[in-house]
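Atoms within a ligand are numbered from 1 in the order they appear, just like the ligands themselves.
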Amino acid sequence: MSLHDSMVADFTAEINNTDSIQGLYNVKVRYLGKKGLISELNKRLGEISPEKRPEAGAEIQKVRLLFEELYGRKEAELKTAERNTTLFSEKLDITMPGVSAPSGSLNPVYKIYDEIISIFGAMGYDVATGPEAELEYYNFEALNMPKWHPARDMQDTFYLSENVVMRTHTSPVQIRTMLKQKPPVRIIAPGKVYRSDYDMTHSPMFHQVEGLLVDKNVSMADLKGTLAHFVRQMFGSDIPVRFRASYFPFTEPSMEVDMGCVMCGGGGCRVCKGAGWLEIAGSGMVAPEVLKAVHVNVHKYSGFAFGMGIERIAMIKYGIDDLRLFFENNLKFICQF
Ligand code: PHE
């Protein structure tokens with residue numbers, strides 16, 4: 001075996017043992033590079049006698065061409081293999097069904113919130129707002145609840161400072177609105193309210209909607225008609241509404257508003273605790289003390305007001321018995337509505 005034959009054998013063995021392009025390239029450098037074996041042989045041609053030199057040179061050239069050919073073949077083979085690996089690993093089945101992005105949904109409280117706004121909006125009510133951190137004066141005093149008033153105990157108040165509270169109801173928006181706007185006034189004021197309370201039917205934060213209408217010749221009949229219309233729109237046409245005498249410092253007279261139980265149709269069930277009625281709002285004719293506090297002429301104007309718990313409406317509408325569910329942000333619950 002000539003020197004050249006053994007070189008070809010070595011070269012072939014080396015490239016066959018290589019399974020990466022980089023490894024193959026290293027072999028090439030060693031044999032075909034500037035300082036590789038072939039160059040080395042060419043340099044040594046000078047040592048050979050001039051007569052034999054052309055033949056020897058031609059022989060080296062032949063080996064070089066053979067190396068290049070073998071190299072080229074192996075390189076093509078490796079590149080194909082590499083591309084196949086990539087293609088396989090990045091394989092994409094475009095016939096597979098897509099994954100749809102989950103869409104968000106409104107908390108049921110805000111569904112009802114929006115529905116209330118649209119029902120009263122259709123009756124000509126504007127939406128009014130006020131701050132959640134409220135002056136004690138607007139939350140209590142101006143609503144005929146001076147410091148000593150026992151009714152303050154009805155609402156467990158969060159105090160922020162001596163005269164700032166987290167509003168315990170939306171009624172202070174009545175005061176803020178009437179201080180800005182002369183009658184006629186026709187607003188609802190939905191929003192968050194705060195009381196230190198927590199159980200199945202109470203949460204430290206919940207939502208109320210206040211209603212206020214002040215104009216000439218406003219009567220209790222207007223109040224009842226308005227709330228009856230609201231109940232019909234929200235729950236269905238055959239649900240009755242009734243007033244029950246009650247007490248609030250800022251209305252006179254004051255009434256609790258009940259609607260017929262949607263569960264049993266009035267016969268009495270677990271939801272209405274056998275009464276056939278569900279309490280849905282506090283209401284009354286705006287007390288003269290309140291109208292005076294906002295400089296409205298009580299001889300010319302009268303008004304009605306009501307306040308409803310929005311969660312309460314949502315619980316009745318969707319048949320939910322634990323108020324805390326609204327605030328736990330469990331998607332399985334929230335996304336049902
Ligand atoms: N603000 C009262 C409450 O939170 C509800 C109410 C509003 C009653 C307006 C009468 C008139 O309990």
Check: Phe306 ring centre within less than 6.0 Å of Phe120 ring centre: yes
Would Thr251 count as a polar contact of ligand 1, with the cut-off being nitrogen or oxygen pairs under 3.5 Å? no
Heavy atom of Gln208, distance to ligand 1 below 4.0 Å: yes
Identify each donor-acceptor pair in which a side-chain atom of residues 329-337 lies under 3.5 Å from a protein atom, sequence neighbours left out, and give them as a table.
| unit_1 | atom_1 | unit_2 | atom_2 | d |
| --- | --- | --- | --- | --- |
| Asn330 | OD1 | Lys332 | N | 2.9 |
| Gln336 | NE2 | Lys332 | O | 3.1 |

Checking heavy-atom distances from atom 4 (O) of ligand 1 to each of Arg167, Gln174, Arg195, Glu210, the winner is Arg195
Taking only heavy atoms of Ser171, which atoms of ligand 1 are found under 4.0 Å from at least one of them? 1 (N), 7 (C)
Would you please test Arg324 and Glu328 for salt bridge (Lys or Arg N to Asp or Glu O under 4.0 Å) and show each step? CA-CA 6 Å; Arg324 292 170 293 198; Glu328 282 166 1; 5.3 Å; no
Under 3.5 Å, N or O to N or O, is His169 touching ligand 1 that way? yes
With a 3.5 Å distance limit and no angle check, can you tell me whether Thr85 reaches the backbone of Ala81 through a side-chain donor-acceptor pair? yes
Looking only at N/O atoms, are Ser283 and ligand 1 under 3.5 Å apart anywhere? no
Which part of Ser254 is near ligand 1, with near meaning a heavy atom under 4.0 Å away: side chain, backbone, both or neither? neither
Counting heavy atoms under 4.0 Å, the part of Phe306 that contacts ligand 1 is backbone
Straight-line distance of Ile38 CD1 to Gln61 CD, nearest 0.5 Å: 9.0 Å
Run the salt-bridge test on Glu279 and Arg312 with the 4.0 Å N-O cut-off and return the result as yes or no. no
